[in-house]
Amino acid sequence: MSINAANLDDFPESPYAAELRKQSSRLRFDARLEREYLDEHLRRIQPRARIWTALAALLAGGFTIAQWLEENGWTVAVLAHVLLILPISLALAWLAWSRAHMRLYLRVATILAPILGASVAIAVAQAVSRGAAEEMGSLMLLLIATFFFVGLLFRAALIAGMAILIGFTTAAAFAEVSPALLLKCVLFLAIGTFLGVAICRDVERSYRKRFLEQSLINELVDRDGLTGLKNRRAFDEHLLRVWQQCLRGQTDIAFLLIDIDFFKAYNDRYGHQAGDAALRQVAHVLREFARRPLDIAARYGGEEFVIILYDLAPAAVRSIAEEIRQAVEKLQIEHLDSDCIQFITVSIGAAIVRPAIGRTPKGALQLADEALYQAKLAGRNRCIFEGQAGYEALVTGSYRNPEAAKRH
């Protein structure tokens with residue numbers, strides 16, 4: 001599927017489509033998407049950041065030793081290498097190679113890279129004032145690395161690049177570098193900085209757009225094509241993650257199995273196109289009740305849906321289930337063949353359980369399924385709830401209601 005050919009307005013619930021619709025040149029997303037992008041960015045840049053920071057640490061160590069031997073004592077230049085350049089280089093290398101990379105690297109590098117750049121620029125300016133103009137090569141290498149190898153985001157790279165340019169210009173002026181040489185060096189650095197800024201900005205824009213497009217494609221793969229809710233595969237994957245989260249936190253999880261009443265009769269009377277439209281309207285209602293990060297609404301199969309609610313009190317789950325039932329009824333989708341009322345309604349089976357070691361989510365889903373069966377037996381258009389006691393008494397795979405078992 002080509003995102004360029006897609007109508008982004010077809011995905012009103014997608015935050016990725018919303019960002020793509022903005023077509024904004026600003027290099028920042030809303031908070032949740034920005035966190036996702038930063039995680040991807042850190043994984044992408046880690047190999048090059050490791051190579052560069054390891055090389056930079058080795059170079060810093062070598063230059064520090066060379067500076068010590070050349071100055072033959074604790075001069076300002078030696079102290080700058082020992083107190084700033086070498087420690088910062090080692091710190092960045094350690095972060096790039098450590099388990100703290102995802103958590104700390106970018107935040108620390110954003111602060112330390114400008115300090116390192118300015119420190120190296122000042123040291124190079126002093127070397128140039130002593131006639132070692134070839135040291136400009138090492139400063140240009142650092143400038144290139146700042147934009148393309150350290151792994152900084154554009155704004156942080158811009159600040160670090162400007163720190164190099166300003167640090168060198170200021171230090172060289174104080175060191176009384178000849179005006180002609182100073183002009184050449186500053187022009188050289190300024191052109192390099194300008195090119196780095198332009199290319200770095202363009203690269204980050206491309207990466208951000210690609211991130212949104214790929215995330216939207218992944219989101220579409222996880223969606224049911226008719227209703228726009230998560231599909232069964234995405235639901236199963238999400239369920240395992242939330243189940244483990246509940247195990248760790250010793251929190252409750254609620255399953256709501258929702259079935260449209262007499263839906264076969266509806267399709268027979270009104271046709272499958274009307275049935276599809278009804279499914280989409282019911283799905284739109286359900287989506288509004290699964291907005292929190294660990295909640296999910298999915299199409300479970302046919303006219304059946306499922307909602308997971310994380311860490312809610314039983315009273316809150318009961319309230320939500322009843323709100324869902326009433327909201328579907330208020331759609332007032334005509335259903336003259338219903339034995340309940342003359343509109344489409346839903347039956348809901350809810351199971352509220354606390355996961356335990358040795359138990360799987362299948363048992364909790366089975367409990368919700370049996371509650372749904374009881375709701376149908378009781379006349380439909382109602383909610384039936386099962387709690388922890390029912391879960392502990394239940395044997396996974398052994399249905400107490402034979403008719404419910406037939407559906408599996």
Side-chain angles (χ1 to χ4, degrees), residues 13-16 31-43 46 98-104 211 214-215 217-224 229-258 286-287 289-301 304-318 320-321 324 348-372 385-399 408:
E13 303 297 328
S14 171
Y16 310 107
R32 184 176 72 82
L33 291 193
E34 188 67 17
R35 287 194 296 270
E36 288 184 29
Y37 176 75
L38 290 182
D39 286 344
E40 181 188 275
H41 172 78
L42 282 163
R43 285 190 290 268
Q46 187 175 33
S98 76
R99 293 181 180 179
H101 170 80
M102 294 294 292
R103 183 166 48 89
L104 295 176
F211 162 77
Q214 188 59 51
S215 298
I217 290 172
N218 293 340
E219 190 176 62
L220 296 181
V221 169
D222 287 342
R223 285 187 180 216
D224 173 62
L229 297 180
K230 295 293 186 180
N231 57 29
R232 181 66 179 270
R233 181 187 66 82
F235 169 78
D236 289 340
E237 292 177 354
H238 183 86
L239 172 56
L240 290 176
R241 291 195 297 271
V242 178
W243 190 263
Q244 292 299 319
Q245 178 73 20
C246 290
L247 271 175
R248 289 192 296 269
Q250 286 296 290
T251 52
D252 291 341
I253 182 172
F255 296 83
L256 275 58
L257 277 179
I258 303 153
L286 301 182
R287 186 182 294 115
F289 292 90
R291 292 291 190 181
R292 299 182 306 161
L294 292 179
D295 295 345
I296 187 174
R299 188 180 182 190
Y300 202 57
E304 195 169 77
F305 303 90
V306 61
I307 291 179
I308 286 178
L309 300 172
Y310 171 76
D311 193 21
L312 285 180
V317 174
R318 289 175 181 272
I320 289 172
I324 290 172
I348 301 176
I352 308 164
V353 305
R354 177 158 295 185
I357 296 175
R359 300 297 298 268
T360 69
K362 291 182 179 179
L365 278 168
Q366 178 182 323
L367 190 65
D369 204 7
E370 294 197 357
L372 175 60
F385 299 88
E386 290 281 358
Q388 189 66 21
Y391 181 57
E392 291 173 356
L394 177 140
V395 177
T396 302
S398 177
Y399 282 77
H408 297 263

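Note that the numbering runs from 1 along the sequence shown for the chain. Given the structure is predicted, the values throughout are model-derived calculations rather than measurements.
Put simply, the side chain of Phe211 reaches to within 4.5 Å of the side chain of Glu36, judged on heavy atoms. Using a 4.5 Å heavy-atom cutoff, the side chains of Tyr300 and Leu365 are in contact. Looking only at side-chain heavy atoms (C-beta outward), Val317 and Leu256 come within less than 4.5 Å of each other. At a threshold of 4.5 Å between non-hydrogen side-chain atoms, the residues Arg292 and Leu312 count as touching. Leu42 has its side chain out of reach of Gln46: every pair of non-hydrogen atoms, C-beta onward, lies at least 4.5 Å apart. Here the side chains of Gln366 and Glu370 are in contact, with some heavy-atom distance below 4.5 Å. When side chains are defined from C-beta on, Ile307 counts as touching Ile324, because their heavy atoms get closer than 4.5 Å.
Gln245 and Leu294 make their closest contact through CG-CD1, 4.0 Å (heavy atoms, listed as atom of the first residue, atom of the second, distance). Residue Ala321 comes nearest to Ile348 through the heavy atom pair O-CD1, 3.3 Å, listed as atom of the first residue, atom of the second, then distance. Nearest heavy atoms, Ala364 versus Phe255: CB-CE1, 3.4 Å. Nearest heavy-atom pair across Glu219 and Pro15 is OE2-CD, 3.9 Å. Scanning all heavy atoms of the two residues, the minimum distance from Cys246 to Pro355 falls at CB-CG, 3.6 Å. Counting all heavy atoms, side chain and backbone alike, Arg354 lies closest to Gln388 at N-OE1, 2.7 Å.
In the displayed structure, Arg99 atom CZ is contacted under 6.0 Å by at most 12 heavy atoms of other residues, nucleotides or ligands.
The NZ atom of Lys230 sits 14.0 Å away from the CG atom of Leu239 when rounded to the nearest 0.5 Å. In this structure, the separation between CZ on Phe305 and CG on Leu257 is 12.0 Å, given to the nearest 0.5 Å. In this structure, NZ in Lys362 is found 9.5 Å from CG in Asp236, a value given to the nearest 0.5 Å. Atoms CG and CG, on Leu33 and Leu38 in that order, are 11.0 Å from each other to the nearest 0.5 Å. Distance check: Asp222 CG to Glu237 CD gives 6.5 Å after rounding to the nearest 0.5 Å. For the atom pair CD1 (Ile308) and CH2 (Trp243), the distance works out to 9.5 Å, reported to the nearest 0.5 Å.
Results of the side-chain contact (heavy atoms from CB on, under 4.5 Å) test with Glu386 over Leu372, Leu367, Ile352 single out Leu367 as the only residue that passes. The side-chain contact (heavy atoms from CB on, under 4.5 Å) test with Asp295 singles out one residue from Val242, Asp311, Leu309, and that residue is Leu309.
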Checking salt bridge (Lys or Arg N to Asp or Glu O under 4.0 Å) for the pair Asp39/Arg43: CA distance, chi angles, key distance, verdict?
CA-CA 6 Å; Asp39 286 344; Arg43 285 190 290 268; 5.1 Å; no
With side-chain contact (heavy atoms from CB on, under 4.5 Å) as the criterion, how do Phe235 and Leu229 come out once you've worked through the C-alpha distance, each side chain's angles and the decisive distance to 0.1 Å?
CA-CA 10 Å; Phe235 169 78; Leu229 297 180; over 6 Å; no
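Counting only distance, with no hydrogens or angles, the side chain of Asn231 and the backbone of Val221 share a donor-acceptor pair below 3.5 Å.
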